[in-house]
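Everything on this sheet refers to the single structure shown next.
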Amino acid sequence: MTYRRMIGAALLGLAIGVFPAVYSTAQAESLRVVRNGTDSVLSVPMNRAVVVESDVPFAELSIANPGIADISSLSDRTIYVLGKAPGATTLTLLDASGRLITNVEVRVAPDISEFKERLRQVLPNEKIEVRTANDGIVLSGTVSSIQRQQRALDLAQRYAPERVSNLMTVGGIQQVMLKVRFAEMQRSVSKALSSSIVAQGGSGFAETGSLLGSIAAGTAGTYREGTLGALGFTFDIGSLEVGVLLEALEQKGVVRTLAEPNLTALSGQEAKFLAGGEYPIPVSQENGAVTVEFKPFGVELNFIPRVVDGDLINLELEAAVSAIDTSNAYEDGTFSIAAFRRRETSTTVELRDGESFAVAGLLQDDFQDANGQIPWLGDIPVLGALFRSAEYQRDQSELVIIVTAHLVTPTRGEALALPTDRVKPPSEKDLFLYGKVAKEKRPTTGAAGEVAKQDFNGSYGYVMD
């Protein structure tokens, strides 16, 4: 009998211990979210409410952190949950006897459903994934251009200001080759015509114009510097010696400067190019010390390309052409520092793959006209030309910069050929017997060899007259 009582008490204790666990598990699975099914984790958008129902009546509700979520009971089976701040907390349900019905984890996160919908409307063909992390938004996936990536980030900032994490990558071609052509023309024309008359008698001397010196037998004085053509003669009128000098000057000049640098850079990265040199300039320091700084000159090119959308390229460009100008040098007795003549431009343009822009056309036109004469005598028709001096000078300088952008991708090294690949040093026989300083060598393999096999007979390439 005692044994049966012990067995009965053990079974009763086991039943009492197991039943609450089974009851609690059954009650936990009976909680469901309206329209979302049964879930042990309740997700609530921030600043939005969710209504949940329980299959078992409850008598008491409690929330671990009211700052994250706020709750209220609509009935003994319905609960109203409002998300207040991002985070996680616990919702506890108790029955009338104070026993635990269930614990539900409540997670409050920013509402991204509307953001996802807007993102699909604005960027319908982009593969962008949206997630929440703590109180922010995480964007991942691949976008086709930097411009569309920026649009997605700007839209995300509307829903989570300063809490957006960018894990997106940009696909497509993101390397830009810039072909720049610098062309500068300098033209100058200078003309001058002057006359001088010298008369010398026994007791006097008179001179007009630029004739220098005194009259000697058979001469008409000296010429002014720079004269390219002159005609002088003398004659006597009684005791009066007269000398006449006509001077003429005409100069024309043309200077052409051309450079075509090609440079490749990754989208968003700066590329620099300099073809020229550096000029040393002394700089005074403290305690009388003098250091040397080098100033670059020549053809300079700095640019930052940005592939914004497909084949649309945003280009920040700085270009300059400079040269040493000794005519404006600084002299200090012991040393001389040359000046620089510099033409530069800085601009931002947008163009598509293969398109070109003339970003600068700088024209300088200097004109000088001078006319000098002896009063009244210079106004005499025909003969007045002997008492006048006229000079004319005109200088023109024009610089044009044309920019062409291309989207490029790397290629295999075998397809590239250098200018030196087709030239090799001559042998002693070729050098001393035949006078050849270089020997042509055509590549035979790879893409460069295929090009070398082609026939290029005829008029092609650059022709210099």
Side-chain angles (χ1 to χ4, degrees), residues 181-200 205-216 218-235 241-259 297-299 320-331 336-345 358 360-402 464-465:
R181 288 178 289 173
F182 294 84
E184 182 179 10
M185 292 292 295
Q186 295 181 0
R187 297 177 290 269
S188 62
V189 176
S190 178
K191 296 181 180 181
L193 180 63
S194 61
S195 63
S196 302
I197 299 178
V198 175
Q200 182 176 355
F205 177 87
E207 177 183 352
T208 66
S210 60
L211 188 64
L212 303 178
S214 61
I215 295 177
T219 66
T222 59
Y223 309 143
R224 63 176 178 173
E225 183 179 359
T227 299
L228 297 180
L231 175 63
F233 57 91
T234 62
F235 58 91
E241 295 182 72
V242 179
V244 179
L245 175 64
L246 300 178
E247 299 173 290
L249 170 65
E250 181 176 4
Q251 291 180 332
K252 296 180 181 180
V254 176
V255 178
R256 176 175 180 262
T257 303
L258 181 65
F297 67 92
V299 178
V321 178
S322 58
I324 296 177
D325 185 7
T326 56
S327 61
N328 295 320
Y330 170 78
E331 297 183 0
S336 175
I337 303 176
F340 287 86
R341 187 176 69 255
R342 183 178 179 89
R343 286 83 67 207
E344 64 180 11
T345 180
L362 309 179
L363 178 62
Q364 181 181 357
D365 192 351
D366 295 334
F367 176 80
Q368 294 181 0
D369 190 1
N371 188 6
Q373 68 179 22
I374 297 176
W376 302 298
L377 295 180
D379 297 330
I380 300 175
V382 183
L383 295 179
L386 298 176
F387 303 95
R388 287 196 301 264
S389 176
E391 294 183 0
Y392 166 86
Q393 184 173 356
R394 187 172 186 179
D395 296 324
Q396 290 181 330
S397 177
E398 185 174 6
L399 173 64
V400 177
I401 302 175
I402 300 177
M464 299 184 65
D465 295 332

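The figures here come from the full heavy-atom set of this structure, side chains too, leaving out hydrogens, waters and symmetry mates. Position 1 is the first residue of the sequence, and the numbers go up from there.
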In chain order, what residues pass the side chain to side chain donor-acceptor pair (under 3.5 Å) check against Thr326, with sequence neighbours excluded?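 Not a single residue meets the side chain to side chain donor-acceptor pair (under 3.5 Å) criterion with Thr326.
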
What's the spacing between [X] [atom1] and [Y] [atom2] if we round to 0.5 Å?
X: Glu344; Y: Leu399; atom1: CD; atom2: CG; answer: 11.0 Å
X: Arg181; Y: Ile401; atom1: CZ; atom2: CD1; answer: 12.0 Å
X: Gln186; Y: Asp395; atom1: CD; atom2: CG; answer: 9.0 Å

Closest non-hydrogen atom pair between Ser336 and Ala329, with its separation: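 In this case the closest contact between Ser336 and Ala329 is OG-CB, 3.7 Å.
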
Heavy-atom pair of closest approach, residues Asp325 and Arg341: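 Looking at all heavy atoms of both residues, the closest pair is CB-N, 4.1 Å.
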
Partner of Phe182 by side-chain contact (heavy atoms from CB on, under 4.5 Å), out of Val321, Val400, Ile402: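 Considering Val321, Val400, Ile402, a side-chain contact (heavy atoms from CB on, under 4.5 Å) with Phe182 is found only for Val321.
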
On the 0 to 90° scale, with breaks at 30° and 60°, tag the Phe297-Phe340 ring pair as parallel, tilted or perpendicular.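 Taking Phe340 first and then Phe297, their aromatic rings sit tilted (interplane angle of 30° to 60°).
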
For Asp365, check side chain to side chain contact (heavy atoms under 4.5 Å, CB included) against everything at least two apart and list the hits.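 Per chain and number, Asp365 pairs via side chain to side chain contact (heavy atoms under 4.5 Å, CB included) with Arg394, Gln396.
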
Checking Tyr330 now: which residues fulfil ring-ring contact (aromatic ring centres under 6.0 Å, His included) with it, not counting sequence neighbours?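 By the ring-ring contact (aromatic ring centres under 6.0 Å, His included) rule, Tyr330 matches no residue at all.
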
